[in-house]
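Being a predicted model, the structure only gives us computed values, none of them experimental.
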Amino acid sequence: MAAPKRGRSASAQSKPGRSLALILIAIVALTGGMFASGHTTPRLGIDLAGGTSITLQAKADQGSAINKANMDTAVDIMNRRVNGLGVSEAEVQTQGTSNIIVNIPKGTNSEEARQQVGTTAKLYFRPVLASEPSTSATPSPSPSASSSGASGSPSPSSSASSGEKASSSSASPTASATTQGRAVTDALKADSTPSPSATPSTSASAAPSASASGGTDAATAQLQAAYTKLNCDSKAERATAGKNAKPGEPTVACGEINKVWYKYVLGPSAVDGTEVKKAQATYDTQTAAGWQVQMNFTSAGAKKFADITGQLAKNQQPQNEFGIVLDGEVVSSPYVSQSITGGQAEISGSFTQEEAQSLANVLSYGALPLSFKEQSVTTVTAALGGEQLHAGLLAGAIGLALVVIYLVIYYRGLSLVAIASLLVSAILTYVLMSLLGPAIGFALNLPAVCGAIVAIGITADSFIVFFERIRDGIREGRSLRPAVERGWPRARRTILVSDFVSFLAAAVLFIVTVGKVQGFAFTLGLTTVLDVVVVFFFTKPLMTILARHKFFAQGHKWSGLDPKSLGAKPPLRRTRRPAGPAAGSVDPKEA
């Protein structure tokens with residue numbers, strides 16, 4: 001005689017209260033985090049909240065042609081720059097053959113973004129030949145800093161040193177002669193001999209030098225005149241100082257130290273900024289020197305940097321300094337006492353965190369292949385965006401209302417489960433969007449709103465699949481509780497496959513597109529994941545609990561599970577052979 005089959009073992013689904021408690025705890029925790037962070041509303045994109053639109057026109061003045069390849073490279077670099085500033089949903093795209101449009105949402109530092117997206121960021125390391133305060137400035141030398149690197153200035157080391165602001169000279173520039181003209185002449189005489197600028201990379205393009213009799217050629221005389229005339233206190237003169245200077249030629253430049261502007265004569269470039277592999281802002285906790293920028297050079301750049309610093313270390317001040325020149329301005333002029341090897345250097349001094357991160361951001365993302373002129377800057381108002389948001393929310397409300405009406409008419413009592421699940425999904429979506437704004441810079445734009453509206457249909461579809469599997473079980477003659485447990489595995493497979501396809505489509509769309517379309521893809525992917533979470537941890541456990549109540553279990557006509565209205569078959573029953581006499585003694589009629 002065969003042993004009777006054991007009943008189905010208890011599983012996690014037999015304790016649905018745990019799943020409901022888990023998702024409710026998650027909702028409370030996320031909502032509490034939202035209020036604690038102070039970001040109780042999602043961050044809006046430029047098309048909904050307004051922002052700044054910048055039009056940049058390319059100029060072929062750097063030896064590069066204005067073509068599609070260079071424009072695409074510029075768009076890519078600008079995208080990385082604004083993303084490095086924490087600006088999300090910024091749009092950087094070409095317009096025509098020579099223009100680039102940059103749209104920056106409201107709530108970001110649009111002024112800083114303006115400065116970084118269009119700057120050519122041409123970085124050079126040039127030896128300092130002469131330097132002094134600008135004519136109208138009061139000198140503020142720091143003898144102790146120039147001699148020992150003390151008194152607030154880092155001492156020379158293998159990781160480099162620097163001074164104030166971004167122009168952090170650890171030795172204050174001083175005039176190298178009694179007259180400016182002689183300072184330039186003497187500096188160029190020294191530069192005509194083996195000098196800091198005569199590295200392997202620049203020796204072929206040496207600076208114009210003085211003749212043996214002490215006279216100067218036309219280029220040196222022109223440089224002397226420019227240095228003598230230069231007044232770095234004037235913003236207009238600072239903007240044109242050293243403009244269009246070639247890397248292999250000496251030039252003049254300005255730099256600010258301790259809020260005092262200095263002027264420089266700089267030798268030919270020894271190291272190019274493209275040889276900086278990586279730059280990052282860090283806080284020096286060991287010496288309390290504050291914020292600094294750490295640079296790592298490529299292998300070729302490391303060798304050149306070691307050569308230039310080794311040669312500079314043999315000179316007297318200020319010719320033992322090298323100027324870090326960014327877009328024609330000396331942003332740092334540290335001195336060195338020994339060759340800096342290892343391919344690493346630091347720019348330190350009285351940086352603020354924002355200044356250090358801004359400089360590191362520009363250095364990390366390299367130079368644009370073209371220079372750009374800011375053609376127009378316009379502020380986009382949120383009036384039109386407000387109307388679009390209102391229209392989008394109205395469309396979403398209408399779509400949601402139609403879904404609810406359909407669920408109520410067709411599923412009756414089951415619609416309460418669907419509506420409660422939609423409400424939980426909406427709460428999670430809203431809270432996560434609010435938290436993702438400050439966390440990763442997510443901004444809700446109009447396409448993202450459309451993605452959320454599309455998600456209503458995806459989420460409702462999951463509930464419908466589950467409900468139909470339950471109703472199929474009732475049509476087969478099962479009671480509600482077995483129908484729920486037997487229908488769930490089949491519904492689960494269908495839901496997972498459907499959501500996986502939706503998520504895959506959203507992921508591909510997010511990867512291959514830019515700008516606003518990414519907002520649609522991101523929202524669609526987020527809501528798809530939340531759909532799985534809600535169905536598994538809320539809808540199924542809630543349905544398991546309701547199956548134990550008479551209203552649903554007995555198939556009330558308003559429950560949506562009435563066997564008669566569903567055309568159910570007679571109940572499936574197991575029959576046992578009655579115990580009695582042997583088969584041979586049973587009356588055939590009774591059998």
### Message
Any non-hydrogen side-chain atom of Leu312 less than 4.5 Å from a side-chain atom of Pro127?
### Response
yes
### Task
Working to the nearest 0.5 Å, report the span between CG of Leu444 and OG1 of Thr523.
6.0 Å
### Query
Taking Arg126 for the side chain and Gly267 for the main chain, is one N or O donor matched with an acceptor at less than 3.5 Å?
yes
### Query
Rounded to the nearest 0.5 Å, how far does CD1 of Ile324 lie from OH of Tyr124?
15.0 Å
### Task
Of all the heavy-atom pairs spanning Ile100 and Met78, show the shortest one and how long it is.
CG2-SD, 3.9 Å
### Query
Are Phe125 and Phe297 close enough that their ring centres sit under 6.0 Å apart?
yes
### Message
Quick test of your reading of the model: are Arg238 and Glu329 salt-bridged, counting only N-O distances below 4.0 Å?
### Response
no
### Task
Kindly compute the distance separating OG1 (Thr94) from CE (Met71), expressed to the nearest 0.5 Å.
6.0 Å
### Query
Can the positive tip of Lys263 be found less than 6.0 Å from the middle of the six-membered ring of Tyr227, inside 45° of the ring normal?
yes
### Task
With rounding to the nearest 0.5 Å, note down the distance linking SG in Cys232 to OH in Tyr262.
11.5 Å
### Task
Measure the OG-CG distance between Ser333 and Leu266 for me, rounded to the nearest 0.5 Å.
9.0 Å
#### Entry: Set of side-chain contact (heavy atoms from CB on, under 4.5 Å) partners for Ser434, sequence neighbours left out
Met34, Pro42, Tyr430
### Query
Side chain of Glu275, backbone of Asp272: donor and acceptor closer than 3.5 Å?
yes
### Query
Taking the six-membered ring for Trp, are Phe520 and Phe510 ring centroids under 6.0 Å apart?
no
### Query
How far apart are the closest heavy atoms of Gly525 and Ala506, and which atoms are they?
N-CB, 3.7 Å
### Message
I need the Leu504 CG to Leu509 CG distance, nearest 0.5 Å.
### Response
11.0 Å
### Query
Should Ser376 and Thr55 be marked as a side chain to side chain donor-acceptor pair (under 3.5 Å) after you check the CA-CA gap, both sets of side-chain angles, and the distance that decides it?
CA-CA 5 Å; Ser376 65; Thr55 303; 3.2 Å; yes
### Message
Please enumerate all residues that pass salt bridge (charged side-chain N to carboxylate O under 4.0 Å, His left out) together with Lys68, with sequence neighbours excluded.
### Response
Asp72
